[in-house]
Amino acid sequence: MAILLTRDTRIIVQGITGNQGQFHTQQMLAYGSHVVGGVSPGKSGQTVAGVPVFDTVEEAVEHTQATASIVFVPAPFAKDAAFEAMENGIRLLVMIPEHIPVQDSIDIVTRAAELGVTVIGPNTFGIISPGEQTKMGIMPNHIYQPGPIGVVARSGTLSYEIAFSLTNGGFGQTTVVGMGGDPVVGQTFISVLRHFKDDPATRAVVMVGEIGGSAEEEAAEYIKTLGKPVVAYLAGRAAPPGKRMGHAGAIIERGKGTLESKERALTQAGASVVTMPWQVADAVKEIMQGR
């Protein structure tokens, strides 16, 4: 099983005729994703890797019955693309672009909440469900395999390294979710953990966090009631005091957001906190063998 994204999810790609849209559409198709259409104004009638292109989301949804969209349009136009998707029946929206204006992100997330739309991102690598052989994102295909571990991450690069080490250690993944690194994103650790809690195929969860912000400390409270083991890795151990990570959402203030405060909260909640990314797989192995 998986959370949020399954093999039956019908996907469109907004910005499909751009370089990134074309490349990642091909990669998603190669992985097995059910990409049924693309949107690029003025390009209706064209195809990308056999996928039909439409001028509008309305037209794409009408012809394909899509319920999910991945957005590859430039940041200045991302809000319009997101609103067009949400207003025309899209209920899972993956926002790849970074540098979207903060007010635009606020407007996107607010409207999504009103319409019941799940937004992943902005500034995300996306979501992949190996057990369902489907993805919406830019992650490399070959590093994942089906298995019982759910992964939620703020960092794309670190999540790739950790997922690959899990795979090499014999622990595949149910779903891997990239929350996104911007100050305003559609998902929190808690919202993703709730989905993993309800998924019987997910037997343990890996959290990949970083210094800055309070998301991990807030998640620690929820972990106490999760009912599933959690392994956590936090990036930023070598950062000087007061330094923040490169993600715009990683801000340290008033004693919160430090590595020490996050690790303390997670440990007290019962999570296994490791200090190096390659230790995650060993910690997962120890947990799974002990169950």
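A quick note: this is a predicted structure, and the numbers were derived from the prediction, not measured. Quick note: residue numbers are just sequence positions, from 1.
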Roughly how far apart are [X] [atom1] and [Y] [atom2], rounded to 0.5 Å?
X: Lys228; Y: Ile149; atom1: NZ; atom2: CD1; result: 10.5 Å
X: Ile106; Y: Ile100; atom1: CD1; atom2: CD1; result: 12.5 Å
X: Glu217; Y: Glu263; atom1: CD; atom2: CD; result: 11.0 Å
X: Asn88; Y: Glu58; atom1: CG; atom2: CD; result: 5.0 Å
X: Ser69; Y: Met95; atom1: OG; atom2: CE; result: 8.5 Å
X: Ile12; Y: His34; atom1: CD1; atom2: NE2; result: 13.0 Å

[Y] and [X], any side-chain heavy atoms less than 4.5 Å apart:
X: Thr124; Y: Val185; value: no
X: Gln27; Y: Lys135; value: yes
X: Asp282; Y: Val274; value: no
X: Thr202; Y: His195; value: no
X: Val51; Y: Leu29; value: yes
X: Met136; Y: Ile120; value: no
X: Met28; Y: Ile70; value: yes
X: Ile11; Y: Val94; value: no

Pairing donors with acceptors under 3.5 angstrom, does anything connect the side chains of [X] and [Y]?
X: Ser191; Y: Gln187; result: yes
X: Glu84; Y: Thr56; result: no
X: Thr167; Y: Gln145; result: no

When you measure from the side chain of [X] to the backbone N and O of [Y], does any donor-acceptor pair fall under 3.5 Å?
X: Lys197; Y: Thr225; result: yes
X: Glu87; Y: Ala85; result: no
X: Thr110; Y: Asp107; result: no
X: Asn123; Y: Ile96; result: no
X: Thr9; Y: Thr6; result: yes
X: Arg91; Y: Met86; result: yes
X: Ser165; Y: Ala281; result: no
X: Asp55; Y: Gly42; result: yes
X: Arg10; Y: Thr64; result: yes
X: Ser40; Y: Lys43; result: no

Shortest non-hydrogen contact between [X] and [Y], atoms and distance:
X: Arg154; Y: Lys262; result: NH1-NZ, 3.9 Å
X: Ala219; Y: Leu193; result: CB-CD1, 4.2 Å
X: Pro122; Y: Val184; result: CD-O, 3.4 Å
X: Val13; Y: Ile16; result: O-CB, 3.5 Å
X: Pro130; Y: Pro146; result: O-CG, 3.6 Å
X: Ser44; Y: Glu59; result: OG-OE2, 3.7 Å

Please tell me whether [X] and [Y] are part of a single hydrophobic cluster in this structure, the criterion being side-chain heavy atoms less than 4.5 Å apart.
X: Leu92; Y: Val57; value: no
X: Ile211; Y: Leu266; value: yes
X: Leu158; Y: Met179; value: yes
X: Ile143; Y: Val284; value: yes
X: Val119; Y: Val177; value: no

Trace of the side chain to side chain contact (heavy atoms under 4.5 Å, CB included) decision for Thr174 with Phe196: CA-CA 9 Å; Thr174 50; Phe196 283 136; 3.9 Å; yes

Apply side chain to side chain contact (heavy atoms under 4.5 Å, CB included) to residues Val192 and Val205 and explain how you reach the verdict. CA-CA 10 Å; Val192 178; Val205 177; over 6 Å; no

Would you confirm whether the ring centroid of Tyr31 sits within less than 6.0 angstrom of the ring centroid of Tyr144? no

My understanding is that only one of Thr275, Val206, Val280 makes a side chain to side chain contact (heavy atoms under 4.5 Å, CB included) with Tyr233; could you say which? Val280

What ring-ring contact (aromatic ring centres under 6.0 Å, His included) pairs are there with at least one residue in residues 72-93, not counting sequence neighbours? His24-Phe72

From CA spacing to verdict: side chain to side chain contact (heavy atoms under 4.5 Å, CB included), Ile90, Val61: CA-CA 8 Å; Ile90 295 299; Val61 170; 4.1 Å; yes

Counting only heavy atoms from other residues, nucleotides and ligands, does the tally under 6.0 Å from CG of Asp198 exceed 12? yes

More than 12 heavy atoms of other residues, nucleotides or ligands under 6.0 Å from CD of Glu161: is that the case?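 Yes, CD of Glu161 has more than 12 neighbouring heavy atoms, counting only those of other groups under 6.0 Å.
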
Could you walk me through whether Ser272 and Ile287 pass the side chain to side chain contact (heavy atoms under 4.5 Å, CB included) check? CA-CA 9 Å; Ser272 298; Ile287 285 172; 3.9 Å; yes

